[in-house]
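Please read the structure below before turning to the comments.
Scope of the values below: all heavy atoms of this structure, side chains included, with no hydrogens, waters or symmetry mates. Every chain is numbered from 1, with letters handed out A, B, ... down the list of sequences. Note that this is a predicted model, so its numbers are computed, not measured.
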Amino acid sequence: MAIRFLNTYTRALEEFRPLDPAGKTVKIYTCGPTVYNYAHIGNFRAYLFEDLLQRHLEASGYQVNRVMNLTDVDDKTIRGCRAAGLPLAQFTQKFKDAFFEDLKTLRIKPATTFPAATDPVYIARMIGMIGHLVEHGYAYQAEDKSVYFRLNKFPDYGKLAHLNLEELRPTGRIANDEYEKESVGDFALWKAWDEADGDVAWESPWGKGRPGWHIECSAMATGLLGDEIDIHCGGVDNIFPHHEAEIAQAECCTGHKFVRTWLHCAHLMVEGQKMSKSAGNFFTLRDLLQKGWSGREIRYVLLSVNYRLPLNFTFESLAAARSALGRIDEWIARLAEKAGSGQNASAHPLADPTRFAEALGDDLNISGALGVLFEMIRETNRALDRGELTPADARALLNTWEKINATLQFQREEEAISQAVLDLVEARAAARAAKNWAESDALRAKIDAAGWSVKDSKEGQKLSRK
RNA sequence: GGCGGGAUAGCCAAGUGGUAAGGCAGAGGUCUGCAAAACCUCUAUUCGCGGGUUCGAUUCCCGCUCCCGCCUCCA
């Protein structure tokens, strides 16, 4: 089934074809977190989009080799570790651990590799690349001892962002150059050590210092995936200058085109505003969990809008997600009951998974895909109400759901019912047999308080997790 | 100033040159001891505004308004 993506570089919808001559493996590089703090939900929106991308490619038969880097040395991590009075590695470890925990909470499939910038293997590779760039005239060491990329040697710089460098308006964010870079746009490949760096430093042919942020990604991407990769993802804010710099460095080192398809995820807003600490609308994943929302509910909200569109995150949308997921849960429970233990599946037309996959194949049109899913749910329920579905039909639908869920990861995890709750249910059954409705309602309230909701059907009481 | 994205019901949002998916919320009904769930019915004569092309435009073209992002290390 065809898959199309809107490539940032060409601004065109392109049919996806992997580099792999066998057409099997897909190489993806995704910019990972800077581990100086807990990641916020805006970060996770990007990681969830990448997760959806990976899972849909896998569902389409590809094998995905994905790299996500961990930036564990930069201005912020250095500032953080010095403020905490900890060695850099010890400071960042805490946030690395937290990051992996958060990935699990959100059911994000781990990348194949999570290289860290400070890994000696990659530091060595970065130094090697910088050396190559200096040797070939693409970079130079300035008076401040830092090494800079010589932008006028790479005319393609700005093509990804579609910026004309001559027309850039200075915004005051460019560090003032007392040290005479050749051109203001030249970015640092190697940053010479200064006092603010404390004991964070590596030796290099240009003296003590540390790598620039951009070269970290180029080194890890080409080191692990080769000169040319299929897909490179990140947030829109990374397009310029980060990804431009990555292209410049990689292509000047390898002489090859670096990335075939660039995919960029739009920003997350919270309650209609840009998320910021000062606006009081800044949330980490942990903040939301603490407020009682679950990982899958947050996953649903962050995933339910196409990655290229700005997503307005609200608590109303979390509540909507909870209801929508409840609808899916009910549907699965009904199907499971109907299917029983029979494994024979029919070829019921409702169980056709292709429309769902087709929607996702269209630049990850998740809204369209969810529309297909919920139509399937309504049609199934209707048929079930009319007694028109056989156990084999139900099994077929469940099998289809399994495929869909492999991509969405929305299914509720099974949870054992505690003995205390089972006792309450049993007592309630007795009260109901005696038509003692007051007692029945009181027990229902207790079961509810224990975190389960009970429903009465013709076949008796049914429990589900609240 | 340059570049880019967007504007569809109370909220989120899909979509197409031929008369508006889906989710949430809301109203009524069936079912139920009551609920819950499920199902049924209803909820945008209309897709930011003004022109144009067309038999026909939310969809194409032109102009405008508003919102958001980026413009040198924020996903």
Q. Run the salt bridge (Lys or Arg N to Asp or Glu O under 4.0 Å) check on A:Lys338 and A:Asp393 step by step: do they pass?
A. CA-CA 9 Å; A:Lys338 186 72 188 183; A:Asp393 294 335; over 6 Å; no
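- The gap from the C1' atom of B:C74 to that of B:C70 amounts to 11 Å, rounded to the nearest Å.
- Straight-line distance between the C1' atoms of B:A25 and B:G63: roughly 38 Å, to the nearest whole Å.
- Among the heavy atoms of the strands lying under 4.0 Å from A:Gly234 are primed sugar atoms or P, OP1, OP2 only; no base atom is included.
- Note on A:Arg334: every side-chain N or O is 4.0 Å or more away from OP1 and OP2 of B:A38.
- Closest to the A:Ala324 side chain, of the nucleotides B:C24, B:C11, B:A35, is B:C24.
- One atom, CZ of A:Arg308, and another, P of B:A13, lie 14 Å apart when rounded to the nearest Å.
- Looking at the side chain of A:Asp456, the nearest of the listed nucleotides B:A14, B:A38, B:C34 is B:C34.
- Comparing B:A21, B:G23, B:C40 against the side chain of A:Tyr300 picks out B:G23 as the nearest.
- When heavy atoms are screened at a 4.0 angstrom cut-off, A:His40 is found touching base atoms of the nucleic acid.
- A:Asn69 and A:Tyr122 share no donor-acceptor pair across their side chains, judged by distance under 3.5 Å alone.
- Inter-residue side-chain proximity for A:Cys31 and A:Met68 is flagged as unmet; no heavy-atom pair is nearer than 4.5 Å.
- Residue A:Leu268 contributes atom CG, which lies 17 Å from atom P of B:C74 at whole-angstrom precision.
- To the nearest angstrom, C1' of B:G4 lies 14 Å from CG of A:Asp237.
- Using a 4.0 Å heavy-atom distance criterion, A:Asn381 is classed as a sugar-phosphate-only contact.
- Residue A:Leu311 is out of contact with every strand shown, counting any heavy-atom pair closer than 4.0 Å.
- Set against B:A35, B:G69, B:C71, the side chain of A:Phe240 has B:C71 as its closest nucleotide.
- Comparing B:G56 with B:U16, their C1' atoms sit 14 Å apart, to the nearest whole Å.
- Going from atom CG of A:Asp385 over to atom P of B:C39 covers 7 Å, rounded to whole Å.
- B:A20 and B:A27 are spaced 27 Å apart, taking the P atom of each and rounding to whole Å.
- At a threshold of 4.0 angstrom between heavy atoms, the contacts of A:Lys76 are confined to the sugar-phosphate backbone, with no base atom among them.
- Counting to the nearest Å, the P atom of B:A38 and the CD atom of A:Glu379 are 15 Å from each other.
- Nucleic acid contact class of A:His267 (heavy atoms, under 4.0 Å, all strands): base.
- No contact: A:Ser317 has no heavy atom under 4.0 Å from any strand.
- In this structure, A:Phe374 forms no aromatic stack with the base of B:G22, since the conditions of centre separation below 5.5 Å and plane angle below 30° are not both met.
- Straight-line distance between the C1' atoms of B:C49 and B:A7: roughly 11 Å, to the nearest whole Å.
- Both distances falling under 3.5 Å, in either a Watson-Crick or a G-U wobble arrangement, place B:G26 opposite B:C42.
- Nearest heavy-atom pair, A:Thr400 versus A:Ala351, reported as atom, atom and distance to 0.1 Å: OG1-O, 2.5 Å.
- At distances below 3.5 Å, at least one donor-acceptor pair connects side-chain atoms of A:Arg395 with backbone N or O atoms of A:Gly340.
- Taking atom CD1 of residue A:Ile298 and atom P of nucleotide B:C12, one finds them 20 Å apart after rounding to whole Å.
- Checked against B:C39, B:G10, B:G4, the side chain of A:Arg11 finds its nearest nucleotide in B:G4.
- Between A:Asn381 and A:Trp331, the closest side-chain pair of non-hydrogen atoms falls below 4.5 Å.
- Spacing between atom CH2 of A:Trp262 and atom C1' of B:C70 amounts to 16 Å, rounded to whole angstrom units.
- The partner of B:C70 is B:G2, judged by Watson-Crick or G-U wobble contacts that both fall below 3.5 Å.
- Note on A:Arg322: nothing from the nucleic acid sits closer than 4.0 angstrom, heavy atoms only.
- Remark: aromatic rings of A:Tyr138 and A:Tyr148 are distant, center separation not under 6.0 Å.
- In this structure, A:Phe95 has its ring center under 6.0 Å from that of A:Tyr38.
- Rounded to the nearest Å, the gap between the P atom of B:G50 and that of B:U65 is 15 Å.
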Between protein and nucleotides 15-18 of chain B, what N or O pairs are separated by less than 3.5 Å?
residue, atom, partner, partner atom, Å
B:G15, OP1, A:Asn365, ND2, 2.9

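- Side-chain proximity of A:Asp441 to the nucleotides B:G23, B:G69, B:C34 is greatest for B:C34.
- Shown here is A:Lys145, whose NZ atom has no more than 12 heavy atoms of other residues, nucleotides or ligands within 6.0 Å.
- If you check every strand for non-hydrogen atoms under 4.0 Å, A:Ala161 touches sugar and phosphate atoms only.
- A:Arg444 comes within 4.0 angstrom of a nucleotide base, judged by non-hydrogen atoms across all strands.
- Straight-line distance from the CG atom of A:Asp448 to the P atom of B:A37: 12 Å, rounded to whole Å.
- Judged by Watson-Crick or G-U wobble contacts below 3.5 Å, the nucleotide B:A7 has B:U65 as its partner.
- Side-chain atoms of A:Arg432 and base atoms of B:G33 include a donor and an acceptor less than 3.5 Å apart.
- Across every strand in view, B:C34 sits unpaired, with no contact that passes the Watson-Crick or G-U test at under 3.5 angstrom.
- A:Arg382 comes within contact range of the sugar-phosphate backbone alone, with a heavy-atom separation under 4.0 Å but no base atom that close.
- Residue A:His162 places its side chain closer to B:C3 than to any other of B:G33, B:C3, B:A13.
- Relative ring orientation between A:Trp262 and A:His264 is described as parallel, the plane-to-plane angle staying below 30° on a 0-90° scale split at 30° and 60°.
- Taking every side-chain heavy atom of A:Ser440 into account, B:G33 is the closest of B:C74, B:A13, B:G33.
- No donor-acceptor contact under 3.5 angstrom links the side chains of A:Thr314 and A:Glu316, judged on distance only.
- Under 4.0 angstrom from either OP1 or OP2 of B:C39 there lies at least one side-chain N or O belonging to A:Arg327.
- Rounded to whole Å, the P atom of B:A9 lies 15 Å from the corresponding atom of B:U59.
- Taking the centre of each ring, A:Phe154 and A:Tyr157 stay at or above the 6.0 Å mark.
- Straight-line distance between the P atoms of B:U43 and B:C34: roughly 29 Å, to the nearest whole Å.
- Contact annotation for A:Val305: backbone-only contact, meaning every heavy-atom pair under 4.0 Å involves sugar-phosphate atoms and none involves a base.
- Among B:A21, B:U72, B:G23, the nucleotide with an atom closest to any side-chain atom of A:Tyr157 is B:U72.
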